[in-house]
Amino acid sequence: MSETTMVQAVSLALARAMTEDERVIVLGEDVGVDGGVFRATDGLFTRFGADRVRDTPLSEMGIGGISIGLAAGGFKPVAEIQFSGFIFPLIDQINNHASRFRNRTRGRLQCPMVVRAPCGGGIHAPEHHSESPEAMFANIPGLRVIVPSSPRRAYGLLLAAIRGSDPVVFLEPTKLYRGAREEMLDDGKDLPVDRCFVLREGRDVTLVAWGAMVPEALKTAAEWEAKGVSAEVIDVATLKPLDAETIINSVKKTGRCVIVHEAPLTGGFGGEIAARVAEGAFSSLLAPIERVTGYDTIMPLLKLENVYLPNAARIGKAVDRAMAYA
Amino acid sequence: MSETTMVQAVSLALARAMTEDERVIVLGEDVGVDGGVFRATDGLFTRFGADRVRDTPLSEMGIGGISIGLAAGGFKPVAEIQFSGFIFPLIDQINNHASRFRNRTRGRLQCPMVVRAPCGGGIHAPEHHSESPEAMFANIPGLRVIVPSSPRRAYGLLLAAIRGSDPVVFLEPTKLYRGAREEMLDDGKDLPVDRCFVLREGRDVTLVAWGAMVPEALKTAAEWEAKGVSAEVIDVATLKPLDAETIINSVKKTGRCVIVHEAPLTGGFGGEIAARVAEGAFSSLLAPIERVTGYDTIMPLLKLENVYLPNAARIGKAVDRAMAYA
Amino acid sequence: MPHKPQNKEIIVNSPNIAATFEIDFTRYLDPAGKLLKELPAEAKDPATLKSLYRGLVRARAFDTKAVALQRTGRLGTYGSSIGQEAVAVGAASAMLADDVLVPSFREHGGQLWRGATPVELFLYWGGDERGNSFAKAPHDFPNCVPVGSHALHAAGVALAIKLRKEPRAVVCIFGDGATSKGDVYEAMNLAGVWKLPVVFLVSNNQWAISVPRSAQSAAQTLAQKAIAVGIPGEQVDGNDVIAVRTVVGVALQRVRKDQGPCVIEAITYRLGDHTTSDDASRYRKDTEVTPHWQEEPIKRLQQYLTTAGSWTKADEDKLLKEINEEIEAAAAAFLATAPQEPSVMFDYTYAQLPADLAAQKQAVLSSLSANLSQAAE
Amino acid sequence: MPHKPQNKEIIVNSPNIAATFEIDFTRYLDPAGKLLKELPAEAKDPATLKSLYRGLVRARAFDTKAVALQRTGRLGTYGSSIGQEAVAVGAASAMLADDVLVPSFREHGGQLWRGATPVELFLYWGGDERGNSFAKAPHDFPNCVPVGSHALHAAGVALAIKLRKEPRAVVCIFGDGATSKGDVYEAMNLAGVWKLPVVFLVSNNQWAISVPRSAQSAAQTLAQKAIAVGIPGEQVDGNDVIAVRTVVGVALQRVRKDQGPCVIEAITYRLGDHTTSDDASRYRKDTEVTPHWQEEPIKRLQQYLTTAGSWTKADEDKLLKEINEEIEAAAAAFLATAPQEPSVMFDYTYAQLPADLAAQKQAVLSSLSANLSQAAE
Ligand SMILES: Cc1ncc(C[n+]2csc(CCOP(=O)(O)OP(=O)(O)O)c2C)c(N)n1
Ligand SMILES: Cc1ncc(C[n+]2csc(CCOP(=O)(O)OP(=O)(O)O)c2C)c(N)n1
Ligand SMILES: [Mg+2]
Ligand SMILES: [Mg+2]
């Protein structure tokens, strides 16, 4: 079996979802003949036609609002936003409408839609293409926020997101589109979208990460193993609703916690996780919770991108601090 | 001296700023002849004319983007967004532009602008009028996020926000517009926009709040005093950049912390504060940090509004839990 | 290949003129109720006109009661449609049951026509989500408070209808103020390029709170917003319910035949305050408002019907009595409605209650029962 | 009082027609460089035409070098303007130094014309914020990547200019794709109703990545976006730099006299890939592209100049040599530019570094010096 990249895994999940449910409609800029700028929708146009794989005008608000109407009208739109920096015009529609339709009509109208967008840095992309906007969606009730970190999880989580009935923001780390690859089956099995994944068990410290920071955390864990530190690695995957329990239970066991994300520190979702852990594992904590994140600065243009982005070495330093705390 | 309401304090600050600096321009829907739907701009139109107190078309994105151009062009726009639920179309402009102009041009162009918007519940307003969106702005580097909790602080913080050179989101709790009143001078003195305010000193527990939750926290503190619990009350006021030090120092002293906000729990800015406290006051904490917040649900319509909103009683229960922890 | 224009543009064969456009205006009744041209076939039956009249009167009665309930603290902020009832009623009367109404927040008359009950509308404006259940208008969208943001939903549900090849149509109503918003423009543009079955109906009541029509846009008509997106745009007298019904009806016929969307600007006037929270005397003079009372839709149709011999004082008394009874009964039923369980606020947030939220719900339930037992002590 | 229309609408006195509109199209040179009508006075001087020619050639040389640098990993993703240079160059040539250019990301030719240096532009596209310093074009805005979002900035800076009663103007350029965005519409509408000194110039190159013009809007022309906001709209041949310069120039004269904004649609064609990350062969055929090479702006003007006897082979060789030397020198200077201090990323976030951020900066500084000393070991 050959290896599948994450962007291929996304394509496979989309094709599978479209095959099994004809209500699934893919729409976005250049998702049709071009197959999406990252090729996540490659081949879908030929297979499913222009009605179901729909190139939109350059109109992000429109993509968001039309998807809501489509969803309330009985379809299951999967919208692609071309780059992370262009998801912001949708926030009004997502916050004021998508997340509320079911509640405000007491269940009469629903809004099962998925907004896929690339996120994160590391591929030397232009300005506004490397941000991590997950925290902006994390305080919106009624929404699911998912960030996959591997081909298999991208596949399973995206399938679940599409099959579900809640509005979902699904952020795909561009660095992993081609940077992550593994053997996997297109078996139609989805993964739970209310669960964190424990990717590696450990005794001394819990590393909590999502998206492209998961491979970095795993790297740290592997390297620090050699230094005698046993790190548990958790992929949060679904940020909202948050499976705090899995994280808290891990920290209860390890006593130490390092949270890693690319977005700026202040107001980032790491704060939420730290708060939950500090509360839930209060009496087990052997050291302050560390957060290794992007800085509270504008994401720099590509020349300084790698100074900005957290990496295994920075995570390792935080592990060292946590281990050294007394 | 008669008492000034918070909405009057806002008017006074606007008038003072416009008088001292002719670059200050007020713009928004109905800010002109009508004086703003909450009357925050009452009288300004007559005093400063239609050029400087500018009714806009119904165009929130436009208000945001025009303000950026005005600011980069040498003015100091103070934009009013009519209700909290209508601030979302600005996020694209604030995140992708206002907060970045200085950085991306290495200081050549700046963006000194203030976006004022009402926020919060408690006045039985219509749908989409009672939300607390501060967390959406808290992860945007380059931005200041300010929420006043009294007439004097509204006055001093708004003056500082306008006088400064950074883009500011200034959220005014509607409940306090007329619900908060005190004696104050229109003396042109501003207040620091990088500082928390310790409103009440205490020994046993630190209550951290902002906006309309500050009076609730003060109420709890007063009531619990009688029960023998001495609560310190901190008004965060400027959420971003955060003065974590003041909060941490307080918790180092009291050993307990209760954070209060109206916005939903998950992804709310309380998480950030809890994370900072858990880290900074790690060895001083006698009990887990409590968060008393809105629920992770859509803000209900007015009939259930008061079930949703935190209040002194709920804060008190959290204080009791913190005090009882052992 | 350039897109084929949908509009009635005349492509002029001069090398210097790329296109020309025009905007029509339709009216049957003048302000005094005098017939200006022959009624269209669908409006010739007096029964039709009487039912339209009933719809207008019912809307006004609902508005009047709603304002009264608000004044006595039983409703939240309320936006009356007084003076502009003919827009929503006229449009609703041209729609079929299976069509979809995507309203703003001032289309009570149209909502009632289509089967939303007065009790539901009172519930919504009274702050109870059950008011959006619309048992008898299950396709219709709830009120949309963020101005203009629903235009995109209208385009979206129209796309759903088109994809299923159903002969249904969507009517989206919004105000003159809303036409300044980018989401409304994007909705029109998407509807145009995808030829979606939707009619965008601008209820131009000349004001957006305190901002007059002239301060919204330099465009001479709001109908010409259509030209920017290559679809037909026209004006109609929005206080002439016959004209509204006719123009919307013709548009819906086109739409149902998949001949594409359009923009209709209905010219009307907001006779009342913006909402019960507003005091219009701060920004507009009575002398501006007064003449518009001569043009309002109810008296106009009543005068026509009376002159035509189709309406008597007795008809009027009977209608008013019936409608008042209906609205009073609805108000009483609204006031007697048992409150929602507070914990219901958790139940529709997700399709299934997540663990996190279940814990929060439990906290509310137990604090409520604690309060109850306290109260019982 | 209804707003006085700014457009050349003809208000027809029929009760049924509220307004009519038309859209002009301007061109001086046909694709073969043949003069179609008399040149405008400002374009008669061969020196003017030669400087325009120089601007076009310089833009193409910059693009060519930039693509080459990208291919060898020294630049990030780059969007060439090949084939559409006349739009930005023509517009820039009609502007005064004090005016403000608010560009998208494909207006290299116009930026260079106005004083941005090739080194600055290379720096920006190479991922270095110092490229936006624009020492010699200090009023101009930096590239704007989020499509269309800068149209509002253009309106805002135009308002600033208007409030100060300065005789300056703003030119905002964006693509055909951008016209589908609500922020662009809101910008036009605000500019219209406030009569702001701004020209919105649509560089219609027929494609938005893989989406053709016909899939952006059912509007027959993009110039008619202007009609929706009550301002003049017209088309110009965007591959005829004389026409662009003239039409923009006339518009700027109006604008500087406070006679209001307008929309100009320049018809051009994107001869290359969307950017260096794009492969246009996935979605458009060579057979579509090839004929457009016959219409491109550089050869067109060259042929005219040659026929008019104003341009020789020797002139051409001299120009190419000069420009190649300039661009090569700039590329070398760019490659030799010392990198920014990494910690500079903190310094422009706020007017003053907040305490929080100072601590983060310190962490970066010390980890960098740790790395340095490690490397030195
Ligand atoms: C996006 C948004 N901005 C502001 C408001 C506050 N607001 C409510 S109605 C209104 C005016 C609407 O004017 P128009 O579209 O003409 O409709 P009308 O009220 O006249 O029916 C405003 C500004 C809102 N509800 N939504
Ligand atoms: C808001 C936004 N959405 C998507 C993109 C990605 N993108 C970059 S250029 C482009 C197409 C732009 O088309 P057009 O406006 O015609 O300009 P052109 O590239 O043809 O010059 C797209 C979709 C973006 N930069 N900004
Ligand atoms: Mg109106
Ligand atoms: Mg284009």
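Order of the sequence lines sets the chain letters (A, B, ...), proteins ahead of strands, with each chain counted from 1.
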Determine the option with the most heavy-atom pairs under 4.5 angstrom with chain C, choosing from A:Arg100, A:Glu245, A:Arg144, A:Gln110.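 The candidate making the most pairs under 4.5 Å is A:Arg144.
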
Side-chain H-bond candidate by donor/acceptor type, C:Glu129 with A:Asn103, under 3.5 Å: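 Looking only at side-chain atoms, A:Asn103 and C:Glu129 do not form any donor-acceptor pair under 3.5 Å.
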
Compute whether any side-chain donor of one residue and acceptor of the other, for C:Asp140 and C:Gln111, lie under 3.5 angstrom apart.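 No, no side-chain donor-acceptor pair sits under 3.5 Å.
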
Please find the pair of heavy atoms, one from A:Met113 and one from A:Ile68, that lie closest to each other, and give the distance.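 So the two residues come closest at SD-CG1, 3.6 Å.
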
Closest heavy-atom pair and its distance - A:Glu80, A:Gly36: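 Shortest heavy-atom separation between A:Glu80 and A:Gly36 comes out as OE2-CA, 3.9 Å.
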
With only heavy atoms counted, which part of [X] is less than 4.5 Å from chain A, the side chain, the backbone, both or neither?
X        : result
C:Asn189 : side chain
C:Ala355 : neither
C:Asp183 : both
C:Phe134 : both
C:Pro354 : side chain
C:Glu166 : neither

Toward chain C, the part of [X] with a non-hydrogen atom under 4.5 Å:
X        : value
A:Glu60  : backbone
A:Arg54  : side chain
A:Thr56  : both
A:Arg276 : side chain
A:Asp194 : neither
A:Arg108 : side chain

Salt bridge [X]-[Y], side-chain N to carboxylate O under 4.0 Å:
X        : Y        : result
A:Arg102 : A:Asp166 : yes
A:Lys240 : A:Glu134 : no
C:Lys195 : C:Asp258 : no

Hey, would you say the C:His108 and C:Tyr78 ring centroids sit under 6.0 Å apart?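 That pair passes the under 6.0 Å test.
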
Check for me whether A:Arg104 meets the cation-pi criterion with A:Phe101, that is, NZ or CZ under 6.0 Å from the six-membered ring centre and within 45 degrees of the ring axis.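 Verdict for A:Phe101: a cation-pi partner in A:Arg104.
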
